[in-house]
Amino acid sequence: QVRLVESGGALVQPGGSLRLSCAASGFIFSIRTMTWHRQAPGKQRDLVASITSSGSTNYADSVKGRFTISRDNAKKMVYLQMNSLKPEDTAVYYCEVVVGTRNFWGQGTQVTVSS
């Protein structure tokens with residue numbers, strides 16, 4: 001019923017910026033938590049940032065001060081503004097939304113930070 005599509009991933013140089021977007025489609029009554037995760041090869045999938053329906057945000061310590069999560073409830077989208085990117089930010093970034101009591105994942109978008 002719900003499909004998530006991430007976009008915005010690219011190859012950027014250290015110190016650069018990217019803005020990731022995640023669009024939700026299908027029948028959606030209400031989106032609770034919207035979350036960005038990332039997974040690098042050989043590493044576990046980690047939470048990057050989340051935002052609740054009330055607008056409360058949470059960030060991994062490694063991205064605090066550099067990344068900003070936001071959402072557009074009318075458009076059913078979540079964004080991740082990434083500034084001052086570091087090579088260690090390289091990963092596939094996935095968005096997750098909680099709709100009712102179910103969670104849905106996108107296919108991921110590749111972010112590569114390299115000179």
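All residue numbers in this chain count up from 1 along the given sequence. What's counted below: heavy atoms across the whole structure, side chains too, no hydrogens, waters or symmetry copies.
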Establish whether V92 and L80 are linked, either directly or via other cluster members, by ILVMFWY side-chain heavy-atom contacts under 4.5 Å. no
Are W36 and V98 connected, step by step, through hydrophobic side chains (Ile, Leu, Val, Met, Phe, Trp, Tyr) whose heavy atoms are closer than 4.5 Å? no
Kindly indicate whether the side chain of P14, heavy atoms from C-beta on, has any atom under 4.5 Å from the side chain of P87. yes
Check the side chains of T33 and T35 for a donor-acceptor pair under 3.5 angstrom, ignoring hydrogens and angles. no
Please check if L4 and V48 belong to a single hydrophobic cluster, counting links between Ile, Leu, Val, Met, Phe, Trp and Tyr side chain heavy atoms closer than 4.5 Å. yes
Minimal heavy-atom distance between M82 and L85, with the atoms involved, is CB-CD2, 3.8 Å
Over all atoms of both residues, closest heavy-atom pair of N83 and S17: OD1-OG, 2.9 Å
Within this structure, what is the NZ-OG distance for the pair K86 and S62, rounded to the nearest 0.5 Å? 8.0 Å
When rounded to the nearest 0.5 angstrom, what distance separates CE in M77 from OG in S21? 4.5 Å
So OG of S25 and NZ of K76: to nearest 0.5 Å the spacing works out to 8.5 Å
Under 4.5 Å between side-chain heavy atoms, hopping through other hydrophobics if needed: is there a path connecting M34 to V111? yes
Do V12 and T112 have side chains that approach each other closer than 4.5 Å (heavy atoms only, starting at C-beta)? no
Look up atom NE2 in H37 and atom CH2 in W105, then write down how far apart they are to the nearest 0.5 Å. 3.5 Å
Smallest heavy-atom separation, A49 atom then L47 atom, equals N-CD2, 3.6 Å
Is the cationic atom of R71 (NZ for Lys, CZ for Arg) positioned less than 6.0 Å from the six-membered ring centroid of Y79 and within 45 degrees of its normal? no
Among D46, T90, D89, which one satisfies side-chain hydrogen bond (donor to acceptor under 3.5 Å, both in side chains) with R38? D89
Check the hydrophobic clustering (I, L, V, M, F, W, Y; side-chain heavy atoms under 4.5 Å; chains of links allowed) and say if F67 and Y94 are grouped together. no
At what distance, to the nearest 0.5 angstrom, does OG of S70 lie from CD1 of I51? 6.5 Å
Expected output: side-chain E6 to main-chain Q107 donor-acceptor under 3.5 Å: yes
Hey, what do you get for CD1 (I69) to OH (Y59), rounding to the nearest 0.5 Å? 6.5 Å
